[in-house]
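The structure appears right after this line, and notes come after that.
So you know, we letter chains A, B, ... as the sequences are listed, proteins then strands, and number each from 1.
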Amino acid sequence: MIMERGDYLIRKVFFALVTLVVVVFFNFYLFRILPGDPVKLIIHSPRMTKEAQAKIKAQFGLDKPIWLNTERLRAGDVAGALDTQFVAYVHNLLHGNLGVSFTTRRDVGEMLMERAWRTVVLVATGEAVTIVLGMALGLLAAWRRGTRLDSGIMLWGLFTWALPTFFFGIMLMILARGRLPVGGMITPGLKLEEGLVYWADVGKHLILPTLTMAVTWTSGYLMIMRSSVVEVLSEDYILTAKAKGLSTLQILRGHALKNAMLPMVTMMAISLGYTVGGAIQVETVFSWPGIGRLMFEAVAKRDYPLLQGTFMLLAVSVIAANLLADLLYSVLDPRVKPE
Amino acid sequence: MVILTLLAAGLAACGSAEAPASTEPPVEKATEPPTEETTEPPTEEPTQAEPSTLRVGVTNIWDTANPAFAWSGYDIRFLLYDTLSEWAHLDTFEPGLAESWSVSDDGLVWTFNIREGVTFHDGTPCTAEDVAWGLNWIIENDIESMAFFLEDFEEVVALDPTTLQVTLSAPVANMISALLIYTYILPRSVWEDIPEEELMEFEDLEAGIGTGPYKLVEWVEDEYLIVEANEDYWRGRPPIDRIIWQQYATDDALVQAILAGEVDVIGVPSTAVQTLQEVENIEVSIGPTLAIFMLIINSHEEGSQPDNLNDPAVRLAIDHAIDKQQIINVAYLGYAEPATAFLPPAMGDFHNSDIEGTPFDPDEGNRILEEAGYVDGDGDGIREDADGNPLEYRLYTIEGAENARVLEIISDNLAQIGISAPPTVMDEDSLIALYPDYDFDMIYWDWGLDPDPKFAMNLFTCGERVEGGWNDSGYCDPEYDEKYYEQGAIVDREARRQLLWEMQEELFEKRPYIVLAYPLGIEAYRNDRFILNNECGGVITKWCLLQAEVVQ
């Protein structure tokens, strides 16, 4: 059994790594098949002379061929044939170096670190509220299945499912204007060292984005929770439990909830994977300085190193979350036998 | 509106451009040179009132703290660093670190009298020797953001602590109005010890040290930036104690932020003007900018446009057919002026005011085409040329709600004179990718221009039709080029103006661009907290901020 689980684990990790390698490759290629010239996108100004553009290109290695330096290969210089953008990219990546952003001229790894925790704070809060709310509503709807309360909750779920995040965010912003901050993460000038005051300020800035996420994301959890609880409640062992004289609450907690948790775990793990990029809309509406917005700006400016960095982070977190879901599943559900 | 980064300082422009330097230069206390021990702020201040803080809401603070690689955030940088001459109003320039200057008759030797007693924010003095070191540092290290301004500088030396001499390899017309206003004087104490290979990643707050009216205090990327008044500024302490730039992700968020009282100043999208005008305590100021909206017509002799588009009659007819006022009313809600000459009126006398523009007159357009032999032979509503080729053109623009609307109008307008040009909206990448081969017919786009016309006029020179060049119309005329180089070397402004007027005349006749509108800059600020001047090309510009009044 332990051996089996070990094999299973190794297999899963292996596939995750293979996925990662493919991502590394595509991550590089996809952005480069786009038309246009990134240097001209950095600044569209006639003031930037041809010489300045050439210099920037050389600085970022954009003057090199993408895959293979055929010119130098033809000249018999085999090592020189590898003097390409791709080789430089892989080389840097293996050294943990994500490169320097075209626009900010800063280390991409450093930029990602700065943003990552901001996104984590935002999304963790949002997810926590969403999950609790979704599970509670789903359980309630399933328990009161067929009643007006159930229909009401379902209607709410469908309505919020269809509600565009950005639209709802802007409406909230207009409603709460003057009482709550409409953007940013912190009042300028406040320092981390100020402790409680700092976090209270962050908390204030968190309310609107969290509410937006909670309302627009809840329905997914709600629906899954409701349908799995409804399904479990129709099982024979629930009838048995009822016959044994257990109270509804005991049945829900002891039997229904536990079995309904399986699909919930999958969903949580997967949405955890999208944590990094999933908040793009919320971050944009509420000017939250996280990864989502960084990604958005990197796309707009065609900042290759920043694009590669943010998408790599996104890919890694999705792969890791899926791996985690697989592993958790085998622990939670003894029926999922590693084959 | 992507290109508007070009002149961040000028584009949020307000106030009248034609108005000469009507305002006095800011309070000057040059008579009493600041003391040497400037490293720490003065401890007196008997009545320590709450410091005044101006909060500016923006969608992009700046790209980097390092001025050597900076391509945005000019407003902020002009507050941190001084330059030898300063851009005071849209078309006027004032002495900066150089009190006065003279130029030799051949235009090759410039002598500047450098202000005495000026110190950098770190307390080190800024003499003519330091200025010379700063300029030479830019030239020797080929500093990306500034070196090209100084490409004709042969030698920069300090003759004594207050005299700077610059020897040029060729005379230049725009020494005061272009070259010197963008070259920040940076302190030797900070930059001398940074090895060239580490230069690019130098991001410390020290990079913000200059001699300007404000000191860089804090910067959190994509969040906020704080500057504080420089007590020792040579013109005297600036009126506002602290300025904070706060970054929001969208224009909508900016509007909400000023309504919520989170910020005091914003740039306003035209859709929000009416809302803000109705709010008490918010003043909306509207003024000219140095930008243009134009229709680029492919003029490259090897471009992929149909031959009939090269016919001046067709171009004239197109110009008559486009309803510029409708474009302004529908797409820009009235916040733009119909255009005439290539250089906008905000450039002062460089704008050729003799050019009256082409009146909207589709009948005249039809008549011109008819006369030139373009008739609709097959009755499909589209005219054909003598060889039977229909007048069908590819009409593109860059993505953006306003641009899409403008393109619809142009397309409808052209249909009225029997020209088919279905509108296509593209992303910037795809549009830029069309350039190397000049593979388009017409593109609606915009430019933000410099106060000096050098780079604007360069857009039509033959030399810019190469990779990395900016000649987007593909226009090339050796005579135009000759005039371009001549105007670039004339120190006499009037003689230069004449050439610039002739060049604009030529552009108007040949129509590589049909300039459609001059956009207006719109800003809003809290007038219960500050009284801001808007005659300097935007309220958040150095000269206007130095004249600001704090209300509360």
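- By the 4.0 Å N-to-carboxylate-O rule, B/Glu467 lies close enough to A/Lys57 to be salt-bridged with it.
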Report task. Go through the steps for A/Arg118 and B/Glu223 under the test salt bridge (charged side-chain N to carboxylate O under 4.0 Å, His left out), then give the verdict. Result -> CA-CA 12 Å; A/Arg118 292 173 164 89; B/Glu223 289 193 61; 2.6 Å; yes
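- Interatomic distance, A/Ile56 CD1 to B/Trp71 CH2, rounded to the nearest 0.5 Å: 6.5 Å.
- Neither the backbone nor the side chain of B/Val217 comes within less than 4.5 Å of any heavy atom in chain A.
- Closest of all the heavy-atom pairs between B/Glu203 and A/Arg105 is OE2-O, 4.5 Å.
- A 4.5 Å side-chain heavy-atom check between B/Glu221 and A/Thr104 finds at least one atom pair inside the cut-off.
- Around CG of A/Leu94, the count of heavy atoms belonging to other residues, nucleotides or ligands within 6.0 Å exceeds 12.
- For a heavy-atom cut-off of 4.5 Å, chain B lies close to A/Leu180, A/Pro181, A/Val182, A/Gly183, A/Met185, A/Ile186, A/Pro188, A/Gly189 in residues 179-189 of chain A.
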Report task. I would like to know whether A/Val285 and B/Thr250 meet side-chain contact (heavy atoms from CB on, under 4.5 Å); could you show each step before the answer? Result -> CA-CA 7 Å; A/Val285 170; B/Thr250 60; over 6 Å; no
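- If you tally non-hydrogen atom pairs under 4.5 Å between each of B/Trp245, B/Phe202, B/Phe148 and chain A, the highest count goes to B/Phe148.
- Checked against B/Asp222 for a side-chain contact (heavy atoms from CB on, under 4.5 Å), the options A/Arg115, A/Met111, A/Glu114 give a single hit: A/Arg115.
- The candidate from B/Leu259, B/Leu459, B/Asn458 with the greatest count of non-hydrogen atom pairs under 4.5 Å with chain A is B/Leu259.
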**Report entry** B/Trp470/A/Gln53 under side-chain contact (heavy atoms from CB on, under 4.5 Å): CA gap, chis, key distance, verdict
**Finding:** CA-CA 11 Å; B/Trp470 291 103; A/Gln53 289 178 43; 3.4 Å; yes
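- Looking at B/Phe149, only its side chain comes within 4.5 Å of chain A, counting heavy atoms on both sides.
- Of the atoms belonging to B/Glu262, it is side-chain heavy atoms, and not backbone ones, that fall under 4.5 Å from chain A.
- Summarising the geometry, atom CZ belonging to A/Phe286 is positioned 10.0 Å from atom CD belonging to B/Gln256; distances are rounded to the nearest 0.5 Å.
- Environment of OH in A/Tyr198: crowded, with over 12 heavy atoms of neighbouring residues, nucleotides or ligands closer than 6.0 Å.
- Interface check for chain A: of the options B/Gly469, B/Ala253, B/Ala65, the most heavy-atom pairs under 4.5 Å are formed by B/Gly469.
- Rounding to the nearest 0.5 Å places OG1 of A/Thr284 at 15.0 Å from OH of B/Tyr248.
- Looking at A/Lys55, its side chain does come within 3.5 Å of a backbone N or O of B/Asp142 through a donor-acceptor pair.
- Residues B/Asn60 and A/Glu297 have side chains not in contact (no heavy-atom distance under 4.5 Å, counting atoms from C-beta outward).
- Nearest approach of A/Ser287 to B/Ala249, heavy atoms of both residues: OG-N, 2.7 Å.
- B/Glu201 has its side chain out of reach of A/Glu110: every pair of non-hydrogen atoms, C-beta onward, lies at least 4.5 Å apart.
- At least one side-chain heavy atom of B/Gln247 sits less than 4.5 Å from a side-chain heavy atom of A/Arg293.
- When side chains are defined from C-beta on, B/Asp252 does not count as touching A/Met173, because their heavy atoms never get closer than 4.5 Å.
- The two residues B/Gly463 and A/Lys50 have their closest heavy-atom pair at O-NZ, 3.3 Å.
- Contacts of B/Phe455 with chain A are made by both backbone and side-chain atoms, with heavy-atom separations under 4.5 Å.
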